[in-house]
2 protein chains.
Amino acid sequence: MQISKGVEWAVHAASMMAALPEGRGLKAAALAHYHGVPTAYMAKQLQALSKAGIVQSSRGAHGGYRLAKPATDISLWDITAAIEGHGPAFRCTEIRQNGPCGLKRKDCKRPCQIAAAFSSAERAFRDSLKAVTLAHIGLQVVRDSEPEHLSDIMHWLESEVMPLSDTP
Amino acid sequence: MQISKGVEWAVHAASMMAALPEGRGLKAAALAHYHGVPTAYMAKQLQALSKAGIVQSSRGAHGGYRLAKPATDISLWDITAAIEGHGPAFRCTEIRQNGPCGLKRKDCKRPCQIAAAFSSAERAFRDSLKAVTLAHIGLQVVRDSEPEHLSDIMHWLESEVMPLSDTP
DNA sequence: GTTATTCGGACATTTAATATCCGAATAATG
DNA sequence: CATTATTCGGATATTAAATGTCCGAATAAC
């Protein structure tokens, strides 16, 4: 039951993009360099976010990534699902149908109690992540950071941020 | 974010053991055969449950496994943790300390907001599973099963159940 | 039209999950 | 008490998935 490293990277990258002015973006290499992680692998996560409609990509010179919708509309679950997939963590293989006392398929319309319990637990997990948006994360970071650190970030952004064409 | 198959098998096996009379057990091969899964791999899960103190094992002739404590004291989280480990699913690698604007270690005493959000979600997941015990599962199974199916199980148990010595 | 730049998917590598086997330990038996 | 059959326990292969890397397709600037 491990959440892949890519989720951590994708959330950090998305949080960074949430801090950009409207219509501006960052290229994959910049996001990777900022977080000190391999460029190509970070690019892979951004690709997944793009497929999920969380970020918009622009190719070619002065290309890059930016959020596809407001930070208030992007939850941590959205990002997690984009990277890890939407499927359940607990996969019931219906072993109650196996063996000498196996049930017939027709008697298994309802999910087994064990699968139901895990399904309920995963719902609690999802709901908790759905309640946290990139806007929340950004606000908390601003509140908890030293002013000089925020200043460092601003300066770095000014040197790396890219203007993106409006119609990708 | 996948939960291993072993968790499913372990929960089913433990639920079966919860149905046994006091002081009786089942050998690994019987539990595996009942559920239609490979014996050696089922044995591995039972081993993990034994290490975690959830089941007691007895070796040698007429050996086998039985619950180490009342079914009301064994939650689905206990079993999940025994198989998957107690560590968090989201592992914060502190990438906020990396890159050109990386924070100093001394400024990272508190966990980052992202890690905190995932930690909270996982707590919700755990609490949900902790609320479900083997006793609950057993009760629900009895309620939802056809009488003839319960009869089949009883007959199978009579042919496979083993008396275990009281002091392992 | 040409070129520089960037994303996108296909391709290796490493790690973890899955499955299996053989030795250590124990209880029944003579 | 020694022997033997039987069972669990840890060490060992195999397979799938996560991790990491590369080159071609597409786009914008010139």
Side-chain angles (χ1 to χ4, degrees), chain A residues 1-10 13 25-33 35-52 55-66 68 80 83-85 87 89-91 93 95 160 162-168, chain B residues 1-10 13 17 25-33 35-52 55-66 68 80 83-85 87 89-91 93 95 160-168:
Chain A
M1 193 173 59
Q2 300 286 69
I3 292 174
S4 79
K5 222 181 280 188
V7 172
E8 182 188 16
W9 299 2
L26 286 164
K27 60 184 181 183
L31 286 165
H33 178 245
H35 294 101
V37 299
T39 300
Y41 196 36
M42 171 63 95
K44 191 171 187 172
Q45 316 308 327
L46 293 168
Q47 217 168 297
L49 294 182
S50 179
K51 276 187 184 175
V55 303
Q56 276 189 346
S57 67
S58 297
R59 300 211 274 196
H62 297 77
Y65 292 96
R66 61 177 163 175
T80 303
I83 306 294
E84 296 273 324
F90 181 92
R91 301 151 293 173
T93 60
I95 64 177
E160 287 289 347
M162 294 289 172
L164 296 183
S165 58
D166 284 344
T167 54
Chain B
M1 194 173 60
Q2 300 287 68
I3 292 174
S4 79
K5 221 180 282 188
V7 171
E8 183 189 16
W9 299 2
M17 285 186 267
L26 286 164
K27 59 185 181 183
L31 286 165
H33 178 248
H35 293 101
V37 299
T39 301
Y41 196 36
M42 171 62 95
K44 190 171 186 172
Q45 316 307 328
L46 293 168
Q47 217 168 299
L49 294 182
S50 179
K51 275 188 184 175
V55 302
Q56 276 188 345
S57 67
S58 297
R59 300 212 273 195
H62 298 78
Y65 292 96
R66 59 176 165 178
T80 303
I83 306 294
E84 296 275 322
F90 182 91
R91 300 151 291 172
T93 60
I95 63 177
E160 286 289 347
V161 75
M162 294 287 171
L164 296 184
S165 58
D166 284 344
T167 54

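Only a predicted model underlies this, so the values are computations on that prediction, with no experimental measurement involved.
Atom pair B/Leu26:CG and D/dT7:C1' shows a separation of 14 Å (rounding to whole Å applied). The CE atom of B/Met42 sits 13 Å away from the P atom of C/dT20 (whole-angstrom rounding). The nearest whole Å value for the distance from the CG atom in A/Leu46 to the P atom in C/dG9 is 13 Å. Look at CG on A/Leu49: it is 13 Å from P on C/dG9, rounded to the nearest Å. The nearest whole Å value for the distance from the CZ atom in A/Arg59 to the C1' atom in D/dT27 is 7 Å. Per the geometry, CD belonging to B/Gln45 stands 11 Å off P belonging to C/dA17, to the nearest Å. For the pair A/Gln56 CD and C/dG8 P, the interatomic distance rounds to 11 Å; values are reported in whole Å.
For the pair B/Ser57 and D/dG9, the criterion of a side-chain N or O lying under 4.0 Å from OP1 or OP2 is met. In terms of phosphate contacts, A/Ser50 brings a side-chain nitrogen or oxygen within less than 4.0 Å of OP1 or OP2 of C/dG8.
Not a single side chain to side chain donor-acceptor pair (under 3.5 Å) links B/Gln45 to another residue, sequence neighbours left out. Remark: B/Glu84 pairs with B/Ser4 by the side chain to side chain donor-acceptor pair (under 3.5 Å) rule, at least two apart or across chains. Evaluation of the ring-ring contact (aromatic ring centres under 6.0 Å, His included) rule for A/His33 yields no partner, not counting sequence neighbours. Listed by chain and number, the residues in a side chain to side chain contact (heavy atoms under 4.5 Å, CB included) with A/Ala30 are A/Leu26, A/Lys27, A/Trp156, A/Glu160 (sequence neighbours excluded). The side chain to side chain contact (heavy atoms under 4.5 Å, CB included) search around A/Ala52 returns A/Ile54, A/Ala82, not counting sequence neighbours. Looking at residues two or more places apart in sequence or on another chain, you find no side chain to side chain donor-acceptor pair (under 3.5 Å) involving B/Thr39.
Residue order along DNA chain C, read from the 5' end via each residue's closest nucleotide, puts A/Gly60 first among A/Ala40 and A/Gly60.
Closest contact between the side chain of B/His62 and the listed nucleotides C/dA28, C/dA25, C/dC7 involves C/dA28. Taking every side-chain heavy atom of A/Gln47 into account, C/dG9 is the closest of C/dT6, C/dG9, D/dT7.
In terms of modelled atom types and a separation under 3.5 Å, the side chain of B/Arg66 and the main chain of B/Met17 share no donor-acceptor contact.
The OG1 atom of B/Thr93 lies 6.5 Å from the NZ atom of A/Lys5; values are rounded to the nearest 0.5 Å.
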Give me, pair by pair, the N or O atoms of the protein and of nucleotides 17-20 of chain D that are less than 3.5 Å apart, along with how far apart they are.
unit_1	atom_1	unit_2	atom_2	d
D/dT19	OP1	A/Lys5	N	3.4
D/dT19	OP2	A/Lys5	N	3.4
D/dG20	O6	A/Lys44	NZ	2.8

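Over its length, the helix from C/dG1-D/dC30 to C/dG30-D/dC1 turns its helix axis by 10°, as judged from the five terminal pairs at each end, rounded to 10°.
In this structure, A/His35 and A/Trp9 have side chains that are not in contact, with every pair of non-hydrogen atoms separated by 4.5 Å or more.
In this structure, B/Ala28 reaches the sugar-phosphate backbone alone: every heavy-atom distance under 4.0 Å involves primed, P, OP1 or OP2 atoms, never a base.
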